[in-house]
4 protein chains.
Amino acid sequence: MATKTAPDSSRRSERSRRAIYDAALALISEIGYSKTTIEGIAARAGVGKQTIYRWWSSKGEVLLEAFLDLGERNAAAAAEAAGVDPADARHIPDTGDLAADLKYVLRATVDELSDPAFEAPYRALAAEGMVNREVSERYVEKLLEPGLQLYAARLRAAQEAGDVRADVDPRIGLELFVSPLAQRWLQGTGELTHAYVDTLVDYALNGLSPR
Amino acid sequence: MATKTAPDSSRRSERSRRAIYDAALALISEIGYSKTTIEGIAARAGVGKQTIYRWWSSKGEVLLEAFLDLGERNAAAAAEAAGVDPADARHIPDTGDLAADLKYVLRATVDELSDPAFEAPYRALAAEGMVNREVSERYVEKLLEPGLQLYAARLRAAQEAGDVRADVDPRIGLELFVSPLAQRWLQGTGELTHAYVDTLVDYALNGLSPR
Amino acid sequence: MATKTAPDSSRRSERSRRAIYDAALALISEIGYSKTTIEGIAARAGVGKQTIYRWWSSKGEVLLEAFLDLGERNAAAAAEAAGVDPADARHIPDTGDLAADLKYVLRATVDELSDPAFEAPYRALAAEGMVNREVSERYVEKLLEPGLQLYAARLRAAQEAGDVRADVDPRIGLELFVSPLAQRWLQGTGELTHAYVDTLVDYALNGLSPR
Amino acid sequence: MATKTAPDSSRRSERSRRAIYDAALALISEIGYSKTTIEGIAARAGVGKQTIYRWWSSKGEVLLEAFLDLGERNAAAAAEAAGVDPADARHIPDTGDLAADLKYVLRATVDELSDPAFEAPYRALAAEGMVNREVSERYVEKLLEPGLQLYAARLRAAQEAGDVRADVDPRIGLELFVSPLAQRWLQGTGELTHAYVDTLVDYALNGLSPR
DNA sequence: CAGTAAACGAGACGGTACGTCACGTCTTCAG
DNA sequence: CTGAAGACGTGACGTACCGTCTCGTTTACTG
């Protein structure tokens with residue numbers, strides 16, 4: 001006794017989905033999230049508005065999926081280019097030197113966050129997630145958590161190697177260097193440089209108190 | 001040949017300002033930021049739309065000022081209630097035990113962030129700030145920075161007492177416990193409890209590596 | 001290389017046609033002509049939209065045919081019920097008393113026009129015909145003209161009997177009592193009663209000037 | 001306890017009203033009533049849609065008022081051009097020869113109904129009135145009735161002069177020549193010529209039966 | 001203390017976008 | 001290989017707000 005007879009996803013037009021993702025990302029980069037409208041996305045994608053409303057319930061959802069799709073395609077492309085198993089592509093290196101490994105990855109993150117093509121949609125998505133419960137959950141689950149898990153895994157490996165105290169909770173420990181970076185980027189409370197993340201790693205590993 | 005003949009702020013109606021702040025905060029709590037409209041604020045405040053547009057340029061600005069005003073009134077009320085000089089009201093205590101002092105303040109912050117009356121507008125403001133340059137700057141300057149300065153000051157005092165290494169940059173050091181809290185709250189990446197902030201302070205002060 | 005590969009009418013589904021006629025007439029009675037949609041007819045008839053578009057080019061056409069079909073079925077049923085040759089069924093009686101015969105038929109027409117089941121679709125059809133050339137022609141040809149011919153025939157018989165002046169054009173003469181009735185019904189310029197049509201017949205036959 | 005707080009008509013923009021009337025009539029002449037949209041009228045008039053919805057509730061109402069306005073302006077212009085009191089402008093002449101007077105006026109009506117500029121909107125209005133109760137009432141009251149009253153008055157004068165039987169109801173009598181004309185025009189059941197209306201008048205005044 | 005200029009409440013205006021509905025066409029899949 | 005089902009591009013619907021622009025009406029300063 002469905003009220004609205006859900007659409008039949010097996011008949012969905014792949015062409016339209018692609019075009020909508022592309023249009024959404026392009027518009028957000030060009031004119032910003034708040035000026036991007038569903039009508040504008042539809043027009044740019046050469047698609048009827050109803051085709052968007054049929055499959056998504058809000059602008060935030062479209063953007064989230066577009067962004068996830070972009071991430072997947074990028075990851076696949078990167079993995080392919082490197083001739084690497086995609087499953088390995090996003091690992092944090094483990095050279096045995098924990099500080100060096102973290103600094104390497106966080107420096108790369110700083111560079112990525114400074115890329116204007118990435119920044120506009122990612123920032124918009126984060127803001128939407130802060131205010132829209134539904135987007136928030138999928139955002140954390142699909143985008144944020146997987147990244148954090150990598151850090152947690154690296155910290156656990158370090159614990160086994162004796163480089164991190166055994167009683168440290170990795171899920172909290174990683175926040176000492178990840179969250180400051182996130183906050184500076186999101187709220188603009190400070191500049192993002194390689195030196196800054198190096199300092200963060202040093203402080204986090206060694207603490208602020210004298211040894 | 002003035003372009004716009006700026007309004008004469010000496011003639012501004014205090015009554016209207018009050019009513020607009022109240023209406024804005026009420027609406028954001030009741031229906032959320034994105035459903036709050038300038039027209040709605042005006043109607044609720046019993047005010048003409050032009051009176052809003054005369055003094056503010058966007059919904060974000062109205063909210064920001066309403067929120068600052070709320071903070072000031074709360075602070076003044078709290079100080080008065082405590083019979084304390086308002087200038088002292090927001091200090092971080094210095095009992096000589098840095099960890100205890102930080103835990104005390106951060107636990108209070110956790111409680112404050114869990115207050116629904118505070119949460120909706122504050123969160124909305126943070127989200128707006130992430131996306132709107134103008135709001136962002138005033139938000140950081142007026143709301144975020146003053147709070148961070150208090151932590152920085154406390155850390156500097158701790159350095160003089162030898163409880164924090166002399167080579168630590170207090171502005172970065174404070175982020176080790178403040179930013180994780182902020183991120184969990186804004187992005188919902190974990191729960192906010194007193195135990196959590198206690199752990200944060202311990203990790204931050206003592207580091208993750210074995211001593 | 002046919003342009004449109006016209007549908008093969010020999011393969012047409014009689015079941016669908018019936019269902020579409022029924023659905024169309026039911027919807028027009030229930031919700032009115034302008035709120036009746038092709039999509040709605042298709043859904044109600046349990047038929048694909050294409051099945052409608054294949055055989056009719058507009059809502060007006062569907063209605064027109066549905067109505068013609070209804071009329072035919074009614075006539076056949078009435079004739080059968082009366083045990084009469086259907087060809088005679090729609091004749092205007094000729095008792096020798098022209099005025100009485102006309103009054104009899106026009107009174108029946110008044111009753112018919114007051115039947116709500118008849119009224120909604122018929123009125124919608126008339127309105128559509130006033131604005132849509134294509135519908136108009138078929139409407140006049142199939143529905144209006146046959147009725148008018150009956151009056152013309154009766155007037156011609158009256159001319160032979162000497163009850164109507166020989167120089168009168170029956171096609172114009174009949175309008176004196178038929179058109180006023182039609183206008184009152186269509187435009188609501190006056191009430192429709194048996195007394196009214198009696199008066200019309202009297203005036204038409206005897207004229208307005210003193211004799 | 002009004003649900004919608006009716007608009008303040010004293011603040012209404014005369015400019016917009018004019019532009020909307022003009023746009024509506026132009027569009028109906030150019031592309032027909034059913035293809036004319038509120039959006040189209042607004043665009044053509046250089047007006048926001050809401051300005052139309054604020055003052056009218058349907059396309060039919062806009063057209064009706066546009067048409068009434070057109071009629072008033074025409075009448076005023078005609079009266080001025082003729083140097084005549086506008087109150088006299090629409091009288092049916094009374095030369096003492098009833099048949100001649102009626103033929104004169106009906107011939108003029110035929111000419112008017114053949115004017116394409118007049119025809120499209122007038123016909124659309126009549127059709128709308130047949131189907132839309134609200135429009136219908138105002139249509140009859142404002143457009144149809146005043147015209148019919150003129151004929152009724154002329155017939156009453158003829159009764160006093162002894163040219164029409166005293167027992168004839170003028171409101172019904174006039175339908176003998178007015179309604180046939182209306183029906184031919186609206187439903188296209190026959191051609192409209194001067195000869196036709198002459199015949200109508202003759203039949204109506206003298207009846208169809210031999211004298 | 002009147003005169004007057006600005007701020008005010010109200011809300012109409014030209015617009016943009018919303019989310020929904022139906023159009024007429026095109027594609028898929030079951031009988 | 002027909003026909004129901006329904007997704008698609010299109011475009012109008014009627015509504016909500018936008019930011020601007022008059023309207024009178026307070027309100028508070030100035031002469």
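Every value quoted in this text rests on a predicted model; they were computed, and no experiment measured them. Convention: sequence-line order gives letters A, B, ...; per-chain numbering from 1.
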>> Closer than 4.0 angstrom, basic N to acidic O: yes or no for B/E14 and B/R17?
In response: yes
>> Taking A/E39 first and then A/R44, would you say they form a salt bridge - that is, a charged N and a carboxylate O separated by under 4.0 Å?
In response: no
> So which one's nearest nucleotide on DNA chain E is more toward 5', C/S57 or A/S57?
Replying inline: A/S57
> Within the pair B/W55 and E/dC8, is there a side-chain N or O less than 4.0 Å away from OP1 or OP2?
Replying inline: yes
> Phosphate oxygens OP1/OP2 of E/dC13: is one of them under 4.0 Å from a side-chain N or O of D/R54?
Replying inline: yes
>> Closer than 4.0 angstrom, basic N to acidic O: yes or no for C/E128 and C/K59?
In response: no
>> Output the rounded distance in Å from CH2 (C/W56) to C1' (E/dC23).
In response: 18 Å
> Is the Lys NZ or Arg CZ of B/R12 less than 6.0 Å from the centre of B/W56's six-membered ring, within 45° of the axis?
Replying inline: yes
>> Ignoring hydrogens, what is the shortest heavy-atom contact between B/R138 and B/L68? Give both atom names and the distance.
In response: NH2-CD1, 4.4 Å
> Within a reach of under 6.0 Å around CD of C/E30, are more than 12 heavy atoms found that belong to other residues, nucleotides or ligands?
Replying inline: yes
> Distance check: side-chain N/O of D/T51 vs OP1/OP2 of E/dG14, anything under 4.0 Å?
Replying inline: yes
>> Rounded to whole Å, how long is the line connecting atom CZ of B/R11 with atom C1' of F/dT26?
In response: 11 Å
>> I need the residues from residues 12-46 of chain D with at least one non-hydrogen atom less than 4.0 Å from DNA chain F; give them sorted by number, or say none.
In response: D/T37, D/I38, D/E39
>> Tell me the interatomic distance from C/I52, atom CD1, to E/dC23, atom C1', rounded to whole angstroms.
In response: 12 Å
> Starting at NZ of C/K49 and ending at P of E/dC21, how long is that distance when rounded to a whole Å?
Replying inline: 14 Å
>> How many whole angstroms separate atom CD of B/Q50 from atom C1' of F/dT20?
In response: 7 Å
> With nearest nucleotides of DNA chain F determined for B/S10 and D/K59 from heavy-atom distances, which residue corresponds to the more 5′ nucleotide?
Replying inline: D/K59
